[in-house]
Amino acid sequence: MTGHVVLPLDEPPQAVNAGVGMHGTLGSHDVFRLPGLWQLHLYTYSGELAFGGGRYPIRPGHVSLVPPDVEVHFHYESRRNEHLYAHFALPGRGERRTVPVMQDAGAEAPVLTALLRHAVAAMPVSPARAAAEVWTVLWHTAQLGGGQEAAGQPHPALAAAFAYIEQGLAGPLSVPGIARAAGVSHNHLTRLFRTGTGDTVVSYIRRRRMERARHLLQASTMPIPAVAAAVGIPNLQAFNKTCRRELGAAPRTIREAARP
């Protein structure tokens with residue numbers, strides 16, 4: 001896809017270097033390639049990036065992603081041009097995101113700046129920590145702008161509803177409250193859930209509660225009443241009934257079946 005790259009983000013990157021780059025001091029044009037390594041730049045200057053037949057204007061607050069082993073051309077408009085950068089490999093083969101080569105980070109620019117500066121500081125002492133920071137930057141970058149649906153992401157309002165539900169599973173949740181948090185009407189939220197999940201909002205909440213309950217029953221020693229409260233169904237009789245209907249067994253049976 002012209003002007004886009006595909007990032008496999010199911011595994012953390014292998015961070016090789018991160019730092020502050022200063023360019024243009026010797027001339028207005030640089031040409032180079034990084035065999036085997038991706039490049040991520042967060043800019044504080046204006047100029048142009050060109051590779052593979054595409055030309056991408058650089059502006060302060062923009063972030064770019066360049067795939068491995070391509071010849072890149074940077075054209076600068078001034079003599080001192082500073083950017084934060086990370087060079088990394090992406091070993092993942094699973095979950096992928098299609099991302100524009102160049103994006104305006106907008107309100108996310110300070111967040112990306114802080115994360116990349118953490119990566120730069122961590123690189124000499126803990127490459128694993130630097131890789132974690134770069135991975136977070138990549139996920140933020142993959143979700144910039146309004147292209148989530150085209151890139152296989154849920155509708156922004158649906159993503160906001162998912163996040164609100166996950167943070168509120170232990171308490172009461174209402175469809176009007178979720179719709180307000182997502183910034184859409186009740187009816188529009190219902191349509192988004194039907195399209196995006198195949199469920200009603202209420203069915204989705206119940207499923208997520210039971211998925212969390214299954215995890216807590218199988219992986220923890222929390223008392224069953226505490227598990228029930230942790231998934232927003234503090235009435236033990238109602239919790240037992242929901243477990244049997246949704247998970248096919250009583251809570252105690254689910255727990256015992258998971259024991260070695």
Side-chain angles (χ1 to χ4, degrees), residues 1-21 23 30-43 49-54 56 58 61-74 82-106 108-154 156 159 162-163 166 196 211 215 218-219:
M1 183 183 299
T2 302
H4 290 73
V5 293
V6 178
L7 303 175
L9 294 179
D10 56 316
E11 294 184 26
Q14 296 170 351
V16 176
N17 202 351
V20 179
H23 295 276
D30 279 334
V31 184
F32 61 89
R33 71 173 68 223
L34 267 66
L37 294 178
W38 286 81
Q39 303 176 51
L40 181 145
H41 290 169
L42 180 62
Y43 301 97
L49 164 68
F51 72 90
Y56 309 96
I58 295 170
H62 279 39
V63 59
S64 70
L65 283 160
V66 176
D69 202 30
V70 299
E71 183 175 279
V72 293
H73 294 249
F74 284 93
E82 183 178 294
H83 59 238
L84 288 161
Y85 71 86
H87 298 162
F88 54 91
L90 285 173
R93 294 292 183 271
E95 188 168 1
R96 295 171 180 268
R97 293 291 182 268
T98 302
V99 183
V101 168
M102 184 75 72
Q103 296 186 81
D104 183 355
E108 286 284 288
V111 176
L112 299 184
T113 298
L115 289 166
L116 280 171
R117 290 197 181 279
H118 287 316
V120 172
M123 197 70 224
V125 293
S126 178
R129 167 69 188 276
E133 301 287 1
V134 172
W135 201 12
T136 304
V137 170
L138 292 174
W139 275 107
H140 276 272
T141 303
Q143 294 168 351
L144 288 172
Q148 290 92 338
E149 284 184 292
Q153 299 280 330
F162 288 162
E166 291 304 306
E211 287 169 354
H215 165 71
Q218 294 178 336

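Quantities reported herein were computed from a predicted structural model and do not represent experimental measurements.
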Output field: ring centroids His41/Phe74 closer than 6.0 Å: yes
May I have all residue pairs that pass side chain to side chain donor-acceptor pair (under 3.5 Å) and include part of residues 83-92, sequence neighbours excluded? Tyr45-His83
Is a donor on one side and an acceptor on the other found under 3.5 Å between the side chain of Gln103 and the backbone of Thr141? yes
Apply side chain to side chain contact (heavy atoms under 4.5 Å, CB included) to Pro35 and list each qualifying residue two or more places apart in sequence or on a separate chain. Arg33, Asp69
How far does CD of Glu82 sit from CG of Leu42, to the nearest 0.5 angstrom? 10.5 Å
With sequence neighbours left out, which residue pairs that include part of residues 119-136 fulfil the salt bridge (Lys or Arg N to Asp or Glu O under 4.0 Å) condition? Arg129-Glu133
Drop me the distance from Leu90's CG to Leu9's CG, to the nearest 0.5 angstrom. 6.5 Å
For His73, all residues meeting side chain to side chain donor-acceptor pair (under 3.5 Å), sequence neighbours excluded: His29, Glu71
Considering residues at least two apart in sequence or located in another chain, which fulfil the side chain to side chain donor-acceptor pair (under 3.5 Å) criterion with Gln39? none
From CG (Leu7) to CH2 (Trp139), nearest 0.5 Å: 9.5 Å
What distance separates Leu138 CG from Phe88 CZ, expressed to the nearest 0.5 Å? 4.5 Å
Enumerate donor-acceptor pairs with a distance under 3.5 Å from any side-chain N or O in residues 109-118 to protein atoms, sequence neighbours excluded.
unit_1: Thr113; atom_1: OG1; unit_2: Ala109; atom_2: O; d: 2.8

So, taking the atom named CD1 in Ile58 and the one named CE in Met102, what distance separates them when rounded to the nearest 0.5 Å? 4.5 Å
Reported CD-to-CD distance for the pair Glu95 and Glu11, which is rounded to 0.5 angstrom: 11.5 Å
